[in-house]
Number of protein chains: 2
Amino acid sequence: MALSDKVTSFDIAALAGVSQPTVSRALRGDKTVSAATRLRIEAIARQLNYKVDRAASSLRKGEARTLALLFFEDPLPDDSHINPFFLSMLGSILKTCALRGYDLLTSFQQLSADWHVDYADSRKADGLILLGYGDWQLYRARVEQLVGQKTRFVRYGSVAASGGLGTVIGCDNRAGGAAVGRHLIERGRRRVAFLGEASDHYPEFRDRYRGLGDALRDAGLAVDPGLHVDALSSELAGYEATQRLIARGIGFDSLFAASDLIALGALRALDEAGLVVPRAVAVVGFDDIPAASLTRPPLTTVAQDYGRAGAVLVDTLVRQIAGEPTDHLTLPATLVVRAST
Amino acid sequence: MALSDKVTSFDIAALAGVSQPTVSRALRGDKTVSAATRLRIEAIARQLNYKVDRAASSLRKGEARTLALLFFEDPLPDDSHINPFFLSMLGSILKTCALRGYDLLTSFQQLSADWHVDYADSRKADGLILLGYGDWQLYRARVEQLVGQKTRFVRYGSVAASGGLGTVIGCDNRAGGAAVGRHLIERGRRRVAFLGEASDHYPEFRDRYRGLGDALRDAGLAVDPGLHVDALSSELAGYEATQRLIARGIGFDSLFAASDLIALGALRALDEAGLVVPRAVAVVGFDDIPAASLTRPPLTTVAQDYGRAGAVLVDTLVRQIAGEPTDHLTLPATLVVRAST
DNA sequence: GCTCGCTGTGAATACGTATGCCCTGCGCTG
DNA sequence: CAGCGCAGGGCATACGTATTCACAGCGAGC
């Protein structure tokens with residue numbers, strides 16, 4: 001835009017010999033404007049490179065035509081690295097937003113910070129997309145506030161643990177966990193360790209653990225609590241958890257990491273301990289982040305369809321903004337077998 | 001925000017027993033409002049969860065307090081995957097934006113599409129950050145238009161080839177390429193192949209190639225054009241280029257890929273051809289994307305400081321918006337030696 | 001030939017905030 | 001005791017668009 005001379009609908013109107021409201025109507029495709037007038041106006045607008053002022057339009061219409069994407073993490077990593085799994089959704093979210101005529105505001109915040117209402121309260125966005133792994137006990141309070149304020153939002157997470165708070169899109173964590181269990185058993189593994197928080201604070205991880213339990217029990221195997229080590233979703237947490245697991249001295253022949261980041265750390269720890277994957281220990285992750293196919297050996301994992309997830313998140317939110325009721329959606333979780341098992 | 005009852009500065013004013021302008025002044029920290037009044041207003045505003053309406057504020061002030069981040073790529077990949085190197089900058093860009101009090105609009109577009117002026121023309125954003133590898137011949141026309149329209153923008157790219165068009169932040173591609181060349185020579189390699197477009201259409205790749213040439217000549221070695229294969233920045237392009245290189249039957253003992261994505265494809269092609277890395281062929285990439293340390297073997301590459309780059313991009317743009325003159329900046333490129341050499 | 005109704009357009013206004021200007025009252029000075 | 005300055009705050013208005021309402025003109029029907 002030229003900084004000096006901002007083109008307004010009045011300028012167009014003057015040149016077209018009509019009034020400002022007619023310009024507005026013509027450009028929005030209102031049928032009460034005759035085709036001849038509309039074409040004339042459109043031509044002039046194009047020529048002057050006129051674009052509707054977003055602020056004025058938003059103010060008048062009371063909608064921002066903008067969605068806000070909030071990545072959150074607790075605690076915030078110092079290196080500003082956004083969780084690669086959620087980052088993977090960005091492409092399809094952007095694409096779908098463009099398709100639906102929405103812009104996307106992006107932000108990266110600590111879950112425990114007080115960001116959650118800002119975007120909606122200040123009318124910067126018509127709705128929110130919440131993306132991140134976080135302690136549900138922290139998370140819940142924020143989400144309740146959003147619900148209380150009637151903010152439109154969708155979140156990616158555990159449908160099972162939605163708690164009636166808003167619309168949740170997620171994958172079938174339990175089925176995914178079960179698929180991992182069956183796969184490991186099929187490969188002859190009997191002592192499956194689990195790395196990841198499995199408490200109610202992390203419903204997704206918990207469900208993955210439960211799925212594993214389902215498979216073990218179905219095969220007549222017991223779930224050994226001694227083979228469960230807590231870990232948040234980071235490479236470092238996976239590394240340290242694996243070291244703790246090894247230190248326990250309880251035998252295990254395979255390892256199910258609640259996320260690929262954890263699995264990356266596990267691979268590093270196993271390598272350092274001289275435990276060869278998959279011969280000594282089979283390793284499975286969850287998420288299928290881009291890095292999963294590049295590890296040494298390539299990581300068997302459970303793929304979540306982030307492409308579809310991104311599209312569904314946007315579409316659901318858009319429908320919600322339009323006033324339609326929206327429902328949870330559970331997407332399939334697909335086992336991807338690679339060389340680590 | 002409650003959908004029904006929007007809280008405005010008039011509501012606050014009524015409750016505080018002052019006029020609306022006083023509320024506005026108080027909340028913006030204007031010193032003409034007495035401390036007592038300000039505190040009273042702030043308390044009420046907090047209690048009612050009042051937030052300044054962004055659209056109204058933008059309209060009045062003529063600034064959006066928003067930056068637009070435009071990822072572009074040509075052609076657009078079907079899977080909506082944004083180049084991981086540029087994606088890595090997102091974290092620090094978001095962080096710096098938050099620090100400077102700006103929101104960030106994000107978008108992913110084809111360079112050849114007509115997006116480039118939309119954000120500024122419609123006043124959705126006060127400035128643009130351009131991120132992507134693209135054909136400079138396509139790119140140039142867009143950038144010229146931005147300059148012509150006096151749009152504030154910064155871009156990450158080749159400072160050397162800035163062409164006087166706007167402010168460019170980039171790394172020292174030529175020095176990085178030279179460092180790669182010296183490193184390979186030091187490792188006893190003499191026949192270095194280069195994968196990547198080296199024409200003026202891709203100034204960054206060209207400079208990396210030139211840097212390699214510098215090092216070879218310094219060591220008294222000749223640059224063999226037969227060892228140069230064109231490739232755009234993608235895994236597939238790297239894979240195919242490597243196959244073509246092998247098919248040429250010209251001996252080579254090392255391979256410098258113009259980007260890590262290309263290097264990933266090269267590793268795959270070499271593996272399939274039974275050429276062991278690094279014994280038969282040493283491989284070096286450029287960018288140091290997160291995946292680079294996970295490949296088999298881990299990839300030697302040239303790290304660009306994307307954390308600092310993101311911060312500098314935002315800060316430079318903010319200064320430009322403030323009306324200050326801004327300058328190009330070349331960041332260092334650092335060789336990171338891993339097992340692939 | 002007059003009215004009815006429809007089509008196309010203009011006039012007025014509201015959205016919520018920020019700012020230029022003016023006004024009031026108080027304290028201080030001479 | 002009068003006049004001056006300044007602190008504090010109100011009034012009016014502008015930002016650019018979208019919408020409601022009013023209205024003009026024209027063809028059709030009787």
Under 3.5 Å donor-acceptor pairs involving side-chain atoms of residues 16-30 of chain A, not counting sequence neighbours:
| unit_1 | atom_1 | unit_2 | atom_2 | d |
| --- | --- | --- | --- | --- |
| A:Ser19 | OG | A:Thr22 | OG1 | 3.3 |
| A:Gln20 | NE2 | A:Ser9 | OG | 3.4 |
| A:Asp30 | OD1 | A:Thr32 | N | 2.8 |
| A:Asp30 | OD1 | A:Thr32 | OG1 | 3.1 |

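- Taking atom CZ of B:Arg123 as the reference point, atom P of D:dA14 lies 17 Å away to the nearest angstrom.
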>> Apply side chain to side chain contact (heavy atoms under 4.5 Å, CB included) to residues A:Ile82 and A:Leu90 and explain how you reach the verdict.
In response: CA-CA 11 Å; A:Ile82 300 170; A:Leu90 182 59; over 6 Å; no

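- Remark: nothing in residues 33-44 of chain A comes within less than 4.0 Å of DNA chain D through any heavy atom.
- End-to-end axis angle of the helix from C:dG1-D:dC30 to C:dG30-D:dC1, using five pairs per end and rounding to 10°, comes to 50°.
- Rounding to whole angstrom units, CG of residue A:Leu59 and P of D:dT19 are separated by 13 Å.
- When DNA chain C is scanned 5' to 3' for any atom under 4.0 Å from a heavy atom of chain B, the first and last hits are C:dG16 to C:dG20.
- Judged by the 6.0 Å and 45° rule, A:Arg142 forms no cation-pi pair with A:Phe72.
- Remark: A:Asp315 pairs with A:Arg100 by the salt bridge (charged side-chain N to carboxylate O under 4.0 Å, His left out) rule, at least two apart or across chains.
- Scanning for side chain to side chain donor-acceptor pair (under 3.5 Å) contacts around A:Arg308 gives an empty result, with sequence neighbours left out.
- Contacts of A:Tyr133 classified as ring pair (Phe, Tyr, Trp, His ring centres under 6.0 Å), with partners at least two apart in sequence or in another chain: A:Phe86, A:Phe205.
- Among residues two or more places apart in sequence or in another chain, the salt bridge (charged side-chain N to carboxylate O under 4.0 Å, His left out) test is passed with A:Arg54 by A:Asp103.
- Between the side chain of B:His328 and the backbone N or O of B:Val168 there is at least one donor-acceptor pair closer than 3.5 Å.
- The closest side-chain donor-acceptor pair between B:Thr316 and B:Thr167, if any, does not fall under 3.5 angstrom.
- Partners of A:Ser92 according to the side chain to side chain donor-acceptor pair (under 3.5 Å) rule, which considers only residues two or more places apart in sequence or in another chain, do not exist here.
- Residues from residues 21-30 of chain B that place a heavy atom under 4.0 Å from any atom of DNA chain C, listed by number: B:Pro21, B:Ser24, B:Arg25, B:Arg28.
- Applying the salt bridge (charged side-chain N to carboxylate O under 4.0 Å, His left out) test to every pair with at least one member in residues 38-49 of chain B, sequence neighbours left out, gives these pairs: B:Arg38-B:Glu42.
- Not counting sequence neighbours, A:Ser58 has no partner by the side chain to side chain donor-acceptor pair (under 3.5 Å) test.
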>> A:Phe153 vs A:Leu70, test: side chain to side chain contact (heavy atoms under 4.5 Å, CB included). Steps then yes/no.
In response: CA-CA 10 Å; A:Phe153 72 99; A:Leu70 305 178; over 6 Å; no

